[in-house]
Amino acid sequence: MNTSIEGGSEVAGAAEYRIPVLSSPTRTLAPFGRRLTQLKLRREYGPYRVITVDDPDGPRPDPGQFYMLTAAERWGGGEDERPFLPRAFSVLRAHDDGTLDFLLEDVGPGTNRLCELEPGDGLHLLGPLGQGFTPPRENRRPILVGGGVGIAPLAIWADRIGAAALTLLGFRDAVHAEGAALIPGARIATDDGSQGYRGLVTDLLNAELGCDPRAEIYACGPGPMLEAVATIANELGIPAQLAMESGMACGYGACFGCVVETRDGYVRLCVDGPVIEAAAL
Amino acid sequence: MNTSIEGGSEVAGAAEYRIPVLSSPTRTLAPFGRRLTQLKLRREYGPYRVITVDDPDGPRPDPGQFYMLTAAERWGGGEDERPFLPRAFSVLRAHDDGTLDFLLEDVGPGTNRLCELEPGDGLHLLGPLGQGFTPPRENRRPILVGGGVGIAPLAIWADRIGAAALTLLGFRDAVHAEGAALIPGARIATDDGSQGYRGLVTDLLNAELGCDPRAEIYACGPGPMLEAVATIANELGIPAQLAMESGMACGYGACFGCVVETRDGYVRLCVDGPVIEAAAL
Amino acid sequence: MIEFCGIRLDHRIVNASGTFDAIAARRAFGDALFDDFPFAAFVSKTVTLAPRQGNPPPRLWELPGGMINSIGLPNKGLAGYLREDLPRLGELPVPLIVNVMGSRREDVVRLVAAFSERDEVSALELNVSCPNVKTGLIMGADPRELAALLDVVVPHAGKPLIVKMTPNCASPADVAAAAEQHGADAVSLINTLRGMAMDPHRPGEPWLGGGTGGVSGPAVRAIALSQIREVRERVDLPVVGMGGVQTGGHAHDLRELGADLVAVGTESFRDPLAGRRIADELAALEHAFPANAAPQVEAVPQWH
Amino acid sequence: MIEFCGIRLDHRIVNASGTFDAIAARRAFGDALFDDFPFAAFVSKTVTLAPRQGNPPPRLWELPGGMINSIGLPNKGLAGYLREDLPRLGELPVPLIVNVMGSRREDVVRLVAAFSERDEVSALELNVSCPNVKTGLIMGADPRELAALLDVVVPHAGKPLIVKMTPNCASPADVAAAAEQHGADAVSLINTLRGMAMDPHRPGEPWLGGGTGGVSGPAVRAIALSQIREVRERVDLPVVGMGGVQTGGHAHDLRELGADLVAVGTESFRDPLAGRRIADELAALEHAFPANAAPQVEAVPQWH
Ligand SMILES: Cc1cc2nc3c(=O)[nH]c(=O)nc-3n(C[C@H](O)[C@H](O)[C@H](O)COP(=O)(O)OP(=O)(O)OC[C@H]3O[C@@H](n4cnc5c(N)ncnc54)[C@H](O)[C@@H]3O)c2cc1C
Ligand SMILES: Cc1cc2nc3c(=O)[nH]c(=O)nc-3n(C[C@H](O)[C@H](O)[C@H](O)COP(=O)(O)OP(=O)(O)OC[C@H]3O[C@@H](n4cnc5c(N)ncnc54)[C@H](O)[C@@H]3O)c2cc1C
Ligand SMILES: Cc1cc2nc3c(=O)[nH]c(=O)nc-3n(C[C@H](O)[C@H](O)[C@H](O)COP(=O)(O)O)c2cc1C
Ligand SMILES: Cc1cc2nc3c(=O)[nH]c(=O)nc-3n(C[C@H](O)[C@H](O)[C@H](O)COP(=O)(O)O)c2cc1C
Ligand code: FES
Ligand code: FES
């Protein structure tokens with residue numbers, strides 16, 4: 001139990017297959033130390049904002065990895081005199097010109113400040129961090145399931161695994177569903193039916209798995225959605241890789257603040273995740 | 001000694017004449033509570049900035065009184081995550097349209113933030129506070145002596161007492177001397193001689209008093225300048241009203257933080273000043 | 001109308017001692033101060049037996065979300081206070097709570113006895129953040145020391161006695177328990193945390209004239225929350241909670257933890273009417289979410 | 001090259017215990033971590049005799065200029081640590097200081113004895129912020145309690161023993177004096193201040209899974225300055241100063257107050273290379289204004 005706290009390969013334990021996030025050979029390392037960079041571009045997608053950030057010296061991130069971002073100026077002085085700590089964001093896309101895209105939803109002082117940034121403004125960036133997605137196990141077709149701002153890591157993953165991927169996205173309403181434009185060809189569900197299927201994205205998932213359960217699920221979104229996906233996957237014995245969230249102070253394993261409970265105890269999401277196998281929960 | 005701490009009329013004590021700042025009947029009261037208002041205009045005078053602020057509901061301040069100012073947004077998050085407390089500023093001028101002018105010099109996070117404000121931006125204002133200047137005693141001609149940003153209270157005072165007033169202003173150099181434009185007809189001294197008399201403004205004062213010592217001095221400026229003025233005044237037995245500065249948290253007598261030492265002990269500059277008789281020091 | 005130690009109050013917000021001077025405020029704002037007095041009761045700055053001029057300036061240092069003060073308790077002393085200030089404070093539209101402190105137990109007895117006789121005074125607050133000149137211990141930092149002080153003081157207290165605790169101690173709950181067992185009528189916390197700042201212009205020298213000072217404001221709120229909760233869980237005494245309160249939400253948090261009254265200190269420096277605003281915001285919140293009589297929180301591990 | 005407790009160090013900046021995990025950092029940054037290791041010595045997170053999983057999440061709360069953590073000292077326990085972590089930490093390019101804690105004096109003795117035998121370990125740091133299960137007192141908050149602990153532990157310490165003091169006490173100077181008289185080789189301070197936050201979504205409930213937590217970061221710097229100064233004025237032991245250090249200027253302030261080493265904690269969360277930057281800034285400042293061996297500041301009144 002306790003051994004899992006340091007993370008590392010012990011965690012797999014009773015799981016049907018080893019947890020790749022913990023054993024995977026492919027983890028792109030972050031340069032040591034945060035880098036001062038610049039915002040190049042920003043675009044709106046309904047309530048969401050995509051910022052494009054220069055990162056000429058950084059490596060190409062793995063899909064599912066994340067970065068810690070800090071505005072170079074006025075990081076502090078927002079609501080409750082915050083933010084103070086950096087904030088974690090999944091990489092949305094990495095471009096050949098050495099720029100990175102991030103998808104932001106303004107939910108508090110940190111995201112609010114980052115959403116304010118204009119082209120030319122400075123920000124600090126640490127990453128890529130954590131353990132990303134791993135390819136589907138043999139003869140399983142990938143199904144990508146996203147909710148709200150949680151679609152971010154699915155975009156770069158869809159780019160990587162290509163046409164094969166079926167993508168199902170859930171949003172509150174049509175306005176939020178504008179975010180779906182980031183993943184062409186995705187099927188959409190909205191809570192209020194104002195666009196696409198009326199209901200939960202997990203309904204679409206169930207339907208898909210009904211036709212053919214030989215799939216591997218890649219999911220990112222709000223807690224309740226991920227729990228629903230995990231339940232479905234575990235009941236059918238289908239592997240599901242969940243890109244999870246938790247409050248983070250450091251992003252590189254220093255503070256032990258970001259733990260999530262797994263069947264093997266608490267693991268630090270920033271180093272043993274953010275992608276966690278549903279079977280491990 | 002201790003009684004002076006509450007301020008009030010006891011302080012005069014051994015002084016040649018009662019200290020009018022402490023007994024004066026004319027103190028314009030501040031409305032209770034800070035007011036949310038707007039910046040209307042800002043202008044540059046060399047390194048100084050003049051901001052014009054709306055104050056329709058406030059009374060007309062006495063020359064020498066001051067206000068506590070706070071930016072309505074982002075008060076905090078500057079250098080060292082400051083400012084946090086409001087900042088004190090002498091009123092530079094009060095206009096018939098209910099606006100107030102303040103003269104700012106950017107010396108730290110508070111003044112820096114206020115200098116950033118643009119027309120339409122909100123700020124909180126408390127005042128007018130403290131005890132201002134009192135008219136010259138009979139057959140004494142007023143001489144106004146200012147240094148740097150300390151010219152602010154002299155401008156409104158010059159307006160009030162009119163042509164009679166001789167104004168002597170000292171600045172570091174010609175660039176800073178652009179501030180002198182705020183008090184037409186003033187005589188100027190600069191440390192480097194790049195404009196007007198080369199030397200200290202107190203040299204000009206000495207020369208003036210040499211011709212005719214029947215004067216009353218009104219001074220505001222850096223500590224060393226005020227000390228020099230006080231020494232001159234006390235040696236010649238000439239009354240001098242000094243508009244002083246000290247670090248303030250509240251501006252209305254609540255914190256006891258702004259004390260200056262007088263011959264009668266510590267007095268709170270925000271309620272017993274900011275104008276203090278040189279003879280009381 | 002609510003009741004605290006038998007005193008009827010209009011609402012639950014009072015000022016923190018030493019952060020509002022009603023006499024000076026009347027000079028600045030005139031009678032408007034009385035028309036809209038921000039606090040349900042007025043708590044005086046600490047009064048000592050002998051007059052004190054206070055510490056040399058500078059007395060203030062600004063922090064991220066707070067400040068350090070080294071005011072040094074300037075006051076006219078008992079005689080001067082009784083003669084000059086008390087009559088003026090008697091004119092206030094709200095009950096008066098006088099805060100006193102002494103470094104000898106006899107001094108505290110004299111202060112408490114003297115103010116107990118005055119009708120202007122509704123209650124006494126005992127500031128125990130000073131060292132006992134005999135034992136050298138901070139009177140409020142050690143349960144035995146406080147117990148010994150209260151045993152001699154309480155018999156002379158003709159008014160409700162509130163012990164103003166110091167946060168600079170190992171266990172606020174132990175100190176509060178001693179206060180309860182030895183006759184205090186209520187406790188108030190937190191006082192300022194000992195802190196200091198260096199002079200930006202003189203390397204190695206402290207900025208404050210007093211060398212060290214007391215930290216207050218939002219920067220101490222997290223610490224206030226845990227001390228108030230710890231105390232509330234131990235004692236049944238009424239509690240006056242304070243420390244960095246800036247909004248009705250902050251005040252409501254303290255109410256949820258079991259504070260009976262909430263004091264506003266540093267925030268008044270940013271706006272003299274802050275107390276009124278906070279009282280209104282709190283009233284709205286208490287209407288929306290009534291505060292629990294007892295705190296809902298369970299005991300917690302002491303390790304971090 | 002400087003010397004601390006007989007250990008030779010490249011500079012004066014170390015990490016604060018529990019704020020940098022060299023093993024996890026190597027997973028994130030690879031060997032680049034070793035090429036440019038930010039600290040002159042590596043201080044481990046607290047190790048206890050038995051394994052600990054730590055507190056339930058949430059474990060973090062952000063403050064104005066700081067944070068509260070209720071991590072709960074997760075660690076593999078002595079056996080697991082000796083087996084798995086110590087060998088890997090032995091590969092670090094800098095000396096290793098192992099931080100230990102126990103709630104029974106015998107536990108502390110076993111921890112200290114076990115690590116004293118290992119060559120990978122250059123010094124021990126003793127975290128005394130936990131209660132003694134027998135006396136109920138926080139081991140580091142009471143001078144007598146600490147003295148009793150050290151009397152049984154010091155004989156087993158085969159390496160320099162640094163006492164990591166708790167700031168949640170009445171008199172840090174008294175505690176440091178006890179540490180000095182009872183055989184400690186150095187003291188380090190400050191640890192986190194006890195604090196808590198309320199859940200914004202559940203009125204009346206604490207946010208942190210552990211209920212309360214420890215406050216760190218710039219928000220505690222003013223308190224750290226005064227405690228470090230108070231301790232430095234009382235004892236001659238080497239002092240490791242920490243608490244909200246973000247810049248070389250902050251580190252230099254502590255040096256001016258007499259700290260021998262400066263530890264960087266929370267700031268590393270904002271940038272893993274912060275320690276290196278601060279070391280460089282400090283070196284530049286020490287060149288410009290050499291720090292005084294003894295602090296220049298005089299004794300000060302304890303009243304605010
Ligand atoms: C691996 C990872 C990837 C992520 N990817 C993305 C992404 O691609 N896009 C995106 O928009 N977001 C992403 N997030 C979430 C993002 O990091 C958070 O939304 C952000 O940190 C919120 O910060 P804030 O200051 O804006 O809001 P906060 O004020 O921090 O509010 C967020 C939540 O924190 C809690 N909270 C409130 N006050 C405090 C406080 N004082 N201290 C601590 N907690 C508090 C509340 O529950 C609140 O709902 C990701 C998170 C992780 C861990
Ligand atoms: C009655 C009165 C009238 C005034 N009128 C004017 C005016 O008309 N125009 C004008 O420009 N200014 C005026 N001032 C001065 C003005 O109030 C100050 O310049 C301002 O408060 C500085 O704030 P700041 O944050 O910009 O700088 P600060 O950072 O506060 O720096 C100002 C000084 O404070 C000290 N300091 C540095 N850090 C801190 C800290 N953390 N806490 C406390 N002190 C610190 C240093 O000595 C520094 O030089 C007046 C002051 C008073 C009292
Ligand atoms: C400038 C200042 C002066 C104070 N003077 C006193 C005092 O005289 N007596 C006292 O018991 N507390 C005094 N305090 C402490 C406050 O009453 C209060 O306990 C503390 O400031 C915490 O509340 P706050 O964060 O809302 O300011 C003072 C605080 C400040 C900031
Ligand atoms: C997340 C976190 C974990 C900590 N864990 C420990 C620990 O295990 N042992 C310990 O002695 N101190 C621990 N501390 C306290 C730090 O070592 C340090 O004393 C404190 O954070 C003050 O320094 P700072 O303000 O630079 O962070 C921890 C602090 C933080 C923020
Ligand atoms: S965020 Fe610090 S350990 Fe994961
Ligand atoms: S500024 Fe607070 S008393 Fe003068």
Side-chain angles (χ1 to χ4, degrees), chain A residues 1-8 10 22 27-36 65 68 70 75-87 108-110 124 126-131 246-261 264-266 268-272, chain D residues 15 18-38 45 50-67 69-77 80-81 84-85 200 209 217-219 265-266 268-274 276-277:
Chain A
M1 181 276 296
N2 61 293
T3 55
S4 70
I5 284 158
E6 200 280 313
E10 302 87 337
L22 298 172
R27 157 187 301 226
T28 299
L29 298 176
F32 186 40
R34 69 182 189 184
R35 316 188 269 294
L36 177 59
Q65 284 192 301
M68 300 298 285
T70 313
W75 194 250
E79 175 199 349
D80 304 329
E81 300 297 317
R82 298 162 52 221
F84 168 70
L85 297 162
R87 298 295 196 255
H124 297 288
L126 178 73
L129 296 163
Q131 186 63 60
S246 71
M248 294 187 171
C250 70
Y252 62 94
C255 74
F256 281 84
C258 61
V259 295
V260 295
E261 183 145 33
D264 305 293
Y266 294 131
R268 283 171 292 180
L269 203 65
C270 67
V271 282
D272 296 328
Chain D
N15 65 295
T19 65
F20 199 91
D21 177 340
I23 295 170
R26 194 174 187 182
R27 287 174 63 195
F29 306 116
D31 292 343
L33 173 70
F34 287 17
D35 306 339
D36 198 14
F37 200 74
K45 186 160 177 64
R52 292 172 53 84
Q53 179 167 26
N55 291 333
R59 292 178 170 185
L60 302 171
W61 180 260
E62 186 178 60
L63 296 176
M67 60 183 280
N69 82 82
S70 78
I71 306 302
L73 302 178
N75 77 96
K76 299 176 176 177
Y81 196 87
E84 294 166 27
D85 291 1
T266 301
S268 292
F269 301 157
R270 290 158 41 108
D271 181 4
L273 259 177
R276 161 73 49 194
R277 170 182 54 83

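Here is the naming used below: chain letters follow the sequence lines, and residue numbers restart at 1 for every chain.
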Please check: side-chain N/O of Arg27(A) versus main-chain N/O of Val271(A), any donor-acceptor pairing under 3.5 Å? yes

Taking salt bridge (charged side-chain N to carboxylate O under 4.0 Å, His left out) as the test, write out the residues that go with Arg35(A), two or more places apart. Asp55(A)

Cut-off 4.5 Å, heavy atoms of chain D, and the answer for Leu126(A) is side chain

Greatest number of non-hydrogen atom pairs under 4.5 angstrom with chain D, of Cys270(A), Gly257(A), Gly253(A), falls to Gly257(A)

Which portion of Ser268(D) sits near chain A, non-hydrogen atoms under 4.5 angstrom: both

Atom group of Pro58(D) that falls short of 4.5 Å from chain A, counting heavy atoms: neither

Looking only at atom types and distance, does a side-chain atom of Gln131(A) sit under 3.5 Å from a main-chain N or O of Asp272(A), one as donor and one as acceptor? no

Do Arg276(D)'s NZ or CZ and the ring of Phe32(A) fall within the cation-pi criteria of under 6.0 Å and 45°? no

For Pro109(A), which atoms come within 4.5 Å of any heavy atom of chain D: side chain, backbone, both, or neither? neither

Leading residue by heavy atom contact count with chain A [cutoff under 4.5 Å; candidates Pro272(D), Ala28(D), Pro64(D)]: Pro272(D)

Specify whether Phe29(D) and Tyr252(A) have parallel, tilted or perpendicular ring planes, treating 30° as the upper limit for parallel and 60° as the lower limit for perpendicular. tilted

Output all residues satisfying salt bridge (charged side-chain N to carboxylate O under 4.0 Å, His left out) with Arg82(A), sequence neighbours left out; order by chain, then residue number. Asp80(A), Glu62(D)

Which one wins on heavy-atom pair count under 4.5 Å against chain A: Ala32(D), Pro56(D), Ala25(D), Ala50(D)? Pro56(D)

